[in-house]
Amino acid sequence: MSPDVEEVTVLGAGIVGICTALALTERGIKVTLIDRDEPGQATSFGNAGIISPWSVVPQSMPGIWKKVPGWLLDPLGPVTVRPSYLPRLAPWGLRFLWQGREQKVRQISPAMELLNRDCITLFRRHLAGTGHEDLIRDSYYVHAYRDPDAARLDTLDAELRQAIGADLERIGAEDLRALEPALSPEFRAAILIKGQARALSPGRVGKVLAEKLQHMGGEIRRATVHAILPLEGGGWSVGTDQGELIVPRLVLAMGVWSTELLRPLGIRIPLEAERGYHVCFTRPGITLNHSVMDADMKFVASTMEDGLRVAGTAEFAGLDAPVNEKRLKGLVELAKRLSPDLNSTDYTTWSGQRPSLPDSLPCIGEIEGFPGLIAAFGHSHYGLMMAPKTGELVADIATGRKANTDLSPFRVLRFG
């Protein structure tokens, strides 16, 4: 893109869109941020709050195909697929499993590291001067195991993390009790991933950064976007429920809804809507000192401003499927197993759609054949931590700054 760009419109005010808008504004670009929801209060609101430079392990790993059938059959398992949706999901599922070959995983991991390596530093830079710097807190990531033999440091995921400098430690039952006394004594060992951080309120992080954007001169508009079309001679038409907008350049950061806008342009991307759920216990009676993952059931618990949040379960049922109350009830049961002293009577629930691509990497970059249209979507479970670096990369692309790294792993049309 031209280095003399003066104005960019960002579609989607999740955490990726907000960080992109901030990065553009810092470079002196006039930015308009558009979303139907309040900034940072939709999909970006509902996550476990983990901010990790060491999140370099893709969702699909060697041997996962052996575990999927058991997960699907377990009512409390980490993944479920609505039976009627299975035929539609099958092609995506096969692509997903194919990405789990070790050779492919070793190619994907460095691309994840590029997006995550500076996440803590960049978030703290964005929050600096807002008065809410304490929304990001240093933390371990505790992977807790019931079977002590399963807590190992010689696995592929541990190797990938340690290769980039992560400090990992295995501890036994006694040390785990001292670190996290609220955990059930069923957990007999843990792997600690150190040098991380966590958000005490992902939704408030989005709100604070959106307010900072406005103070810096950025504009935020509430509107539902239903179409984008390229204009002859350059620029884009954006159709919304508030009327048509004519803009010179677009950043598409609308998560799962991004592909809905691209389909009329003839662009097909294998992005699936993965419904996530969380439960927040508002008077938990316990505190976790760090983010804790139940390594057997693959969910994460973290103490936040509004209580103890338990998140991580996923459901494939299509973009418009209703909320599955059984998944929420299942999270409550899993939380009670995690900590027997948990007060589980008072809680709130959340559900939202995560944009998942088979290789666990987002789409970032100008879309081939469509000048002035930049992708910034598909961050799956990693949107919170990948958002600041995504914003920096998009701002560089929009202003014509030459990238010092290979961005081909994020090409929009990489799937053919």
Side-chain angles (χ1 to χ4, degrees), residues 1-14 16-36 115 213 216-221 223-269 271 355 357 361-379 387 389-415:
M1 284 193 175
S2 171
D4 60 355
V5 59
E6 296 181 355
E7 182 179 350
V8 174
T9 299
V10 179
L11 304 183
V16 172
I18 293 169
C19 287
T20 298
L22 280 171
L24 286 163
T25 303
E26 288 172 346
R27 286 159 172 75
I29 307 301
K30 179 182 178 182
V31 176
T32 301
L33 184 62
I34 301 176
D35 202 307
R36 67 181 182 184
L115 296 181
L213 173 66
M216 294 172 64
E219 180 183 358
I220 298 177
R221 294 187 187 179
T224 299
V225 177
H226 54 72
I228 57 174
L229 290 172
L231 300 174
E232 290 187 16
W236 288 82
S237 166
V238 180
T240 80
D241 61 349
Q242 305 296 316
E244 181 188 26
L245 301 174
I246 304 299
V247 300
R249 292 168 179 85
L250 280 178
V251 174
L252 188 55
M254 289 179 59
V256 293
W257 292 274
S258 299
T259 52
E260 300 292 309
L261 295 177
L262 292 176
R263 193 170 293 119
L265 304 180
I267 300 173
R268 299 288 189 272
I269 300 171
L271 184 146
L357 288 157
L361 297 175
C363 292
I364 302 173
E366 189 168 21
I367 301 178
E368 298 164 41
F370 294 90
L373 179 60
I374 304 176
F377 61 83
H379 292 75
K389 186 63 175 183
T390 297
E392 296 295 312
L393 292 174
V394 169
D396 286 346
I397 293 166
T399 56
R401 184 179 298 181
K402 186 175 177 59
N404 294 321
T405 189
D406 178 18
L407 300 182
S408 62
F410 314 114
R411 284 182 57 248
V412 176
L413 305 182
R414 65 186 181 270
F415 296 100

Check: Which value, rounded to the nearest 0.5 Å, describes the distance between Leu262 atom CG and Arg268 atom CZ?
Finding: 10.0 Å
Note to self: To the nearest 0.5 Å, what is the distance between OG1 on Thr259 and CG on Leu265?
What the structure shows: 11.5 Å
Check: Minimum heavy-atom separation for Glu366 to Ile397, with atom names?
Finding: N-CG2, 4.3 Å
Notebook entry, point to check: Heavy atoms, side chains only, cut-off 4.5 Å: are Val394 and Val8 in contact?
Noted result: no
Notebook entry, point to check: Which heavy-atom pair separates Asp406 from Ser408 by the least distance, and what is that distance?
Noted result: OD1-OG, 2.7 Å
Check: Does Arg221 reach the side chain of Thr240, with side-chain heavy atoms less than 4.5 Å apart?
Finding: no
Item checked: Arg411 side chain to Gly365 backbone, donor-acceptor under 3.5 Å -> no
Checklist line | Nearest heavy atoms of Leu115 and Pro362, plus distance in Å | finding: CD1-CG, 3.6 Å
Check: Does a side-chain heavy-atom distance below 4.5 Å link Ile374 with Thr20?
Finding: no
Margin query: With a 4.5 Å cut-off on side-chain heavy atoms, are Leu11 and Ile228 touching?
Written below: yes
Item checked: Spacing of CZ belonging to Phe370 relative to CG belonging to Leu250, to within rounding of 0.5 Å -> 12.5 Å
Check: What is the distance from atom CD of Glu219 to atom OG1 of Thr25, rounded to the nearest 0.5 Å?
Finding: 11.5 Å
Margin query: So which atom in Ala253 and which in Val16 form the shortest heavy-atom distance, rounded to 0.1 Å?
Written below: CB-CG1, 4.4 Å
Notebook entry, point to check: Would you say the side-chain atoms of Arg249 pair up with the backbone N or O of Gly235, donor to acceptor, closer than 3.5 Å?
Noted result: no
Check: So which heavy atom on Ala23 is nearest to which on Gly391, and how close?
Finding: CB-O, 3.4 Å
Item checked: Leu373 side, atom CG; Ile267 side, atom CD1 - distance, nearest 0.5 Å -> 6.5 Å
Notebook entry, point to check: Just wondering, do Ile220 and Leu213 contact through their side chains at under 4.5 Å, heavy atoms?
Noted result: yes
Notebook entry, point to check: Between Thr390, Val10, Thr9, which is the residue that forms a side-chain contact (heavy atoms from CB on, under 4.5 Å) with Val251?
Noted result: Val10
Notebook entry, point to check: Taking C-beta and beyond as the side chain, do Phe377 and Ile269 meet within less than 4.5 Å on heavy atoms?
Noted result: yes
Note to self: Are Leu245 and Ile34 packed together at the side-chain level, in the sense that at least one heavy-atom pair is separated by less than 4.5 angstrom?
What the structure shows: yes
Notebook entry, point to check: Between atom CG of Leu407 and atom CG of Leu393, what is the distance when rounded to the nearest 0.5 Å?
Noted result: 5.5 Å
Check: Are the side chain of Glu7 and the backbone of Ile29 linked by a donor-acceptor contact shorter than 3.5 Å?
Finding: no
Margin query: Do Arg414 and Cys363 make a side-chain contact, defined as non-hydrogen atoms from C-beta onward lying under 4.5 Å apart?
Written below: yes
Next item on the list: Provide the closest heavy-atom pair for Leu24 versus Ala398 in the form atom of the first, atom of the second, distance.
Entry: CD2-CB, 3.8 Å
Margin query: Less than 4.0 angstrom from a charged side-chain N to a carboxylate O is my criterion; do Glu392 and Arg27 meet it?
Written below: yes
